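Contents: one structure, followed by commentary.
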Amino acid sequence: MADPWLHIVGIGEDGMTGLLPATRAVVEAAEVIIGGDRHHQLSDSVGAERIAWPSPFDALIDTLEALRGRRVVVLATGDPLWFSVGARIGRAIDPGEITYHPQLSAFQLAAARMGWSLADVETLTVHGRPVQQMIAFIQPDARLLILTTGAETPGQIAAFLTERGFGQSAMTVLANMGGKDEARFDGRAETWDHQVPAFNTLAVHCVAAPDAALLPRVPGLSDDLFRHDGTMTKQEVRAATLAKLMPMRGALLWDIGTGCGSVAVEWMRAARYASAIGIEPRADRREMAAANALALGAPRLELIDGRVPEALEGLPAPDAVFIGGGLSRQTFEAAWQALRPLGRLVCNAVTLESEALLLELHKAHGGQLVKLMVNRAEPVGGLTGWRPLMPVTQWSLVKR
């Protein structure tokens, strides 16, 4: 393991004076300091060569590699390993070559200002990411701490809350925490109109109205929450399907025949940083899937116009595959070959022809074969009766 030559230093609004003496000495001894304009201003007493964040940001790794052997400091805000640049660098450069110097994070400072226990809140970031992803965390009585993208982010989140029946939610914007210009702005989502500094952290205490939309992250959202044309994996079958797909943190799903995207959307809502690729040949359904993903807090859905199995070529290997449309032996074989070890594959069939193929595949490969039959109580004249949905044959297996 090489000796550490790269120091990643967390710095707060109090600049150099807020650093531990040993950390301050590291910064003062640096030959090169990399950071944003704000970081350079906070450390302007140090006479080192200065480099701004490169554009695109991924070029930072090449910049660092070119500086190997010199005394290099990267300045980050707060804790460099908590939704910050340190994690990205540590994935590309041997961690044994890096020394991290954490500072209090924005989450810790915000929790202290709010009097909230960090163990009882959700910590999120929408900085440089789609702000819609926070929608999945809107729950009654939930407390959220959110790193924002800029001055407009709190207003966008206030609109999301209000549209879903959480307009009474308490919102607090905390800006420049720990510095001489620290500021606080309090309000309610439905009446939010503050003009806030661009560098801020948002605290939200979600308060649900009696008619608020309940959007649990456990799979099985109501069909009515999705835009669809009638062809979709229905609520009860969808919940059973996601149970077999087993959403996990950071995992990738191939949703083949994605339709309105209900399975892919619920996959991403169920696990942090889960992503999905939807393969759907119909443009109208891709449009519905994209709209559902944004509305329900799963903006990382990637949609592909294509037919299987050809459209699967070149895609990143999945951790799970759902075949809800376009089922064929060739599609199964292509998906099964691409699936990672311990990957999960689920096929749902409603036609006799598709069911016959699942029976053959089950005989050849094993797995679990079940018949899902759902009846819903609906009005029959002035009374109530059971109305059956189409039976679904479901085949699932794990790649070992």
Side-chain angles (χ1 to χ4, degrees), residues 217-221 223 226 228 231-271 274-280 285 289 292 298 301-304 308-309 311-312 315-374 389-400:
R217 296 179 68 194
V218 176
L221 293 177
D223 296 342
F226 296 90
H228 63 89
T231 300
M232 69 180 302
T233 304
K234 300 299 193 292
Q235 179 180 8
E236 298 83 358
V237 175
R238 191 183 331 119
T241 299
L242 267 295
K244 297 291 180 60
L245 289 170
M246 304 181 217
M248 297 182 185
R249 183 184 179 98
L252 171 64
L253 171 73
W254 285 1
D255 185 356
I256 298 174
T258 196
C260 72
S262 62
V263 170
V265 166
E266 294 230 51
W267 162 272
M268 289 185 284
R269 286 177 55 88
S275 59
I277 299 174
I279 299 93
E280 173 55 55
R285 289 179 174 167
N292 288 328
L301 175 59
E302 178 183 351
L303 292 163
I304 292 178
V308 290
L312 305 179
L315 297 182
D319 300 284
V321 175
F322 173 58
I323 305 178
L327 176 63
S328 68
R329 185 178 296 277
Q330 292 77 15
T331 296
F332 162 74
E333 290 174 351
W336 186 248
Q337 183 175 3
L339 194 62
R340 293 175 181 269
L342 294 181
R344 291 79 64 195
L345 185 141
V346 179
C347 300
N348 287 355
V350 296
T351 67
L352 294 176
E353 291 80 4
S354 294
E355 182 182 87
L357 177 55
L358 291 189
L359 293 173
E360 293 177 10
L361 291 171
H362 173 257
K363 185 176 181 179
H365 297 274
Q368 187 176 21
L369 196 64
V370 299
K371 177 82 77 173
L372 302 173
M373 304 180 72
V374 177
L389 302 181
M390 291 185 69
V392 175
T393 303
Q394 183 179 87
W395 178 49
S396 60
L397 68 166
V398 176
K399 187 174 184 178
R400 297 188 184 275

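Just so you know, these numbers come straight off a predicted model, no measurement behind them.
- Gly326 and Val308 get closest at one heavy-atom pair: O-CG2, 3.5 Å.
- There is no side-chain donor-acceptor pair under 3.5 Å between Asn292 and Ser262.
- Contact detail for Pro219 and Ala239: the closest heavy-atom pair is O-CB, 3.8 Å.
- A heavy-atom distance below 4.5 Å is not found between the side chains of Leu345 and Lys244.
- For the pair Leu245 and Ser396, the minimum side-chain heavy-atom distance is 4.5 Å or more.
- Heavy-atom contacts from other residues, nucleotides or ligands closer than 6.0 Å to CD of Gln337 number 12 or fewer.
- One distance of note links CD of Gln235 with CG of Leu389; it measures 10.5 Å at 0.5 Å rounding.
- Under a 3.5 Å cut-off, the side chain of Lys399 and the backbone N or O of Arg344 do not form any donor-acceptor pair.
- With a 4.5 Å cut-off on side-chain heavy atoms, Leu361 and Arg329 count as touching.
- In this structure, the separation between CG on Asp319 and CH2 on Trp267 is 6.0 Å, given to the nearest 0.5 Å.
- Of the inter-residue distances, the one linking Ser354 atom OG with Leu359 atom CG reads 11.0 Å to the nearest 0.5 angstrom.
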Exercise for the section: Just do the side chain to side chain contact (heavy atoms under 4.5 Å, CB included) check on Gln394 and Leu369 with the steps written out, would you? Expected result: CA-CA 6 Å; Gln394 183 179 87; Leu369 196 64; over 6 Å; no
Handout entry: Verdict with reasoning, Leu312 to Ile279, per side chain to side chain contact (heavy atoms under 4.5 Å, CB included)
Key = CA-CA 8 Å; Leu312 305 179; Ile279 299 93; 4.0 Å; yes
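- In this structure, the side chains of His362 and Leu397 stay at 4.5 Å or more apart for every pair of heavy atoms.
- Counting heavy atoms of neighbouring residues, nucleotides and ligands inside a 6.0 Å radius, atom NZ of Lys371 exceeds 12 of them.
- Put simply, SG on Cys260 and CD on Glu280 are 9.5 Å apart, with the number rounded to the nearest 0.5 Å.
- For the pair Trp395 (side chain) and Val370 (backbone), a donor-acceptor distance under 3.5 Å is absent.
- At least one donor-acceptor pair under 3.5 Å links the side chain of Glu266 to the backbone N or O of Gly220.
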Practice task
Please report the C-alpha distance between Leu242 and Val263 in whole Å, then the side-chain angles of each, then the deciding distance to 0.1 Å, and finally whether the side chain to side chain contact (heavy atoms under 4.5 Å, CB included) criterion is met.
Solution key: CA-CA 7 Å; Leu242 267 295; Val263 170; 3.8 Å; yes
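- Looking only at distances, no side-chain donor or acceptor of Thr331 sits under 3.5 Å from a matching main-chain atom of Leu327.
- From Leu252, atom CG reaches atom OG of Ser275 across 4.5 Å, with rounding to the nearest 0.5 Å.
- Listed for the Arg238 side chain is a donor-acceptor partner under 3.5 Å among the backbone atoms of Leu221.
- Between the CZ atom of Phe322 and the CD1 atom of Ile256 there is a distance of 10.0 Å, given to the nearest 0.5 Å.
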Handout entry: Full working for side chain to side chain donor-acceptor pair (under 3.5 Å) between Asn348 and Thr241
Key = CA-CA 8 Å; Asn348 287 355; Thr241 299; 3.0 Å; yes
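- Shortest non-hydrogen contact noted between Leu253 and Ala264 is CD2-CA, 4.0 Å.
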Practice task
Quick one: do Asp223 and Lys234 satisfy salt bridge (Lys or Arg N to Asp or Glu O under 4.0 Å)? Show the steps, please.
Solution key: CA-CA 6 Å; Asp223 296 342; Lys234 300 299 193 292; 5.7 Å; no
Problem - Derivation of the side chain to side chain contact (heavy atoms under 4.5 Å, CB included) call for Glu355 and Thr351 - result: CA-CA 6 Å; Glu355 182 182 87; Thr351 67; over 6 Å; no
